[in-house]
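Below is one structure, written out as structure tokens; the observations come after it.
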Amino acid sequence: MAKYGVFGGTVGVGKHFVEQALAAGHTVTVLARTPAKLDEVAAKYGNKLVIVQGDALNADDVKKVVQGQDAILTSLGNGPATPMNICSTASKFIIDAQTEFNVKRTVVITSFGCRESWNDSSLSIRPFLYFFIGAPIRDKNIQEELYEKSSLNWTVLRPGGLTNNPPKGEFRHGIAIPGGMIARADVAAFALKQIAVDDYLFKSPTLAY
């Protein structure tokens, strides 16, 4: 069984990853500004879940999560309660910590529409990507570039539109494919698989139904 550190593990894809990794028998350490968001998960899995209260924009807090792990999952998102550049800024601290503690393997959740995947988007979706989520996409573009330039063994996953629907278990994944909707739970399951293999090492596949 492995030990995984998780950033962005109290909501969305990150929380699904935490729950699925614990269910598979792994030990998971999560950085949480609000640990109470994981109360139910902690009650179910006990000491297999380690919660570090802190902020991904604090280098010392980040180090507490990274040290001693086998791999790191980063699933940060932009929201009303976070700085618009949280993904790129926090990733600098995460990359530095992984480099310092020699934690090489990392899987990062960004978004379809980032960088060259923009070319795979349809003309009808481009106005939405540009006008409505343009700022988060630009932040994630920088985030991706940071990992690409790092010495880490990275995989970037670019899901399309995320839903809270039940997972289907089957979906498209690959390089230079069109985007589409996908459940957060399916993205998490794929991340949990990929973090232990090198199918997409140094690559950035799109995930969609």
Side-chain angles (χ1 to χ4, degrees), residues 4 6-9 11-21 71-79 82 84-88 90-91 94-95 104-150 152-209:
Y4 297 135
V6 178
F7 296 92
V11 296
V13 172
K15 188 173 184 180
H16 280 289
F17 178 93
V18 170
E19 293 172 336
Q20 293 178 23
I72 301 295
L73 183 283
T74 299
S75 182
L76 297 170
N78 311 82
T82 60
M84 189 56 67
N85 63 347
I86 186 172
C87 295
S88 57
S91 289
I94 296 168
I95 291 168
K104 289 291 189 177
R105 186 66 176 122
T106 193
V107 172
V108 186
I109 312 298
T110 61
S111 175
F112 177 71
C114 284
R115 303 175 73 199
E116 77 282 354
S117 70
W118 169 269
N119 299 323
D120 305 314
S121 63
S122 65
L123 293 177
S124 61
I125 197 65
R126 288 185 182 182
F128 172 79
L129 293 174
Y130 185 83
F131 291 107
F132 292 97
I133 60 171
I137 289 290
R138 287 190 290 274
D139 184 35
K140 292 179 185 294
N141 285 345
I142 298 170
Q143 180 186 29
E144 289 191 4
E145 291 170 359
L146 290 170
Y147 281 96
E148 187 173 297
K149 294 175 182 177
S150 76
L152 303 180
N153 295 330
W154 56 269
T155 295
V156 168
L157 303 182
R158 294 169 172 165
L162 293 167
T163 76
N164 291 319
N165 295 334
K168 295 183 178 181
E170 295 185 359
F171 48 87
R172 295 177 295 115
H173 56 86
I175 307 300
I177 64 173
M181 306 303 290
I182 187 167
R184 289 177 170 87
D186 274 328
V187 177
F190 193 72
L192 183 58
K193 177 183 177 181
Q194 292 302 314
I195 205 167
V197 299
D198 60 1
D199 296 352
Y200 284 110
L201 186 64
F202 306 131
K203 296 179 180 179
S204 306
T206 292
L207 280 63
Y209 295 134

Looking at [atom1] of [X] and [atom2] of [Y], how far apart are the two atoms once the value is rounded to the nearest 0.5 Å?
X: L201; Y: R105; atom1: CG; atom2: CZ; value: 5.5 Å
X: E145; Y: Q143; atom1: CD; atom2: CD; value: 11.0 Å
X: L162; Y: F112; atom1: CG; atom2: CZ; value: 12.5 Å
X: C87; Y: I94; atom1: SG; atom2: CD1; value: 9.0 Å
X: S91; Y: E144; atom1: OG; atom2: CD; value: 10.0 Å
X: D198; Y: Y200; atom1: CG; atom2: OH; value: 12.5 Å

Look only at the side chain of [X] and the backbone of [Y], and say whether a donor-acceptor pair between them is shorter than 3.5 Å.
X: N165; Y: A183; value: no
X: T74; Y: V108; value: no
X: Q20; Y: A185; value: yes

Where [X] and [Y] come nearest, the two heavy atoms and their spacing:
X: G180; Y: A208; value: N-CB, 3.3 Å
X: A21; Y: Y4; value: CB-CD1, 4.3 Å
X: I195; Y: I72; value: CD1-O, 3.9 Å
X: A188; Y: V13; value: CB-O, 3.7 Å
X: V156; Y: P205; value: O-CD, 3.0 Å
X: P159; Y: I182; value: CB-CG2, 3.9 Å

Side chain to side chain, [X] and [Y], heavy atoms closer than 4.5 Å:
X: S204; Y: L157; value: no
X: N153; Y: T106; value: no
X: V187; Y: H16; value: no
X: P178; Y: R172; value: yes

_Option among I109, L76, T110 that satisfies the side-chain contact (heavy atoms from CB on, under 4.5 Å) test with K140_ = T110
*For the residue pair H173 and F190, categorise the inter-ring angle as parallel (less than 30°), tilted (30 to 60°) or perpendicular (more than 60°).*
tilted
*Side chains of Q194 and T155: do they bring a donor and an acceptor to under 3.5 Å?*
no
*Could you list the residues that satisfy ring pair (Phe, Tyr, Trp, His ring centres under 6.0 Å) with Y147, not counting sequence neighbours?*
none
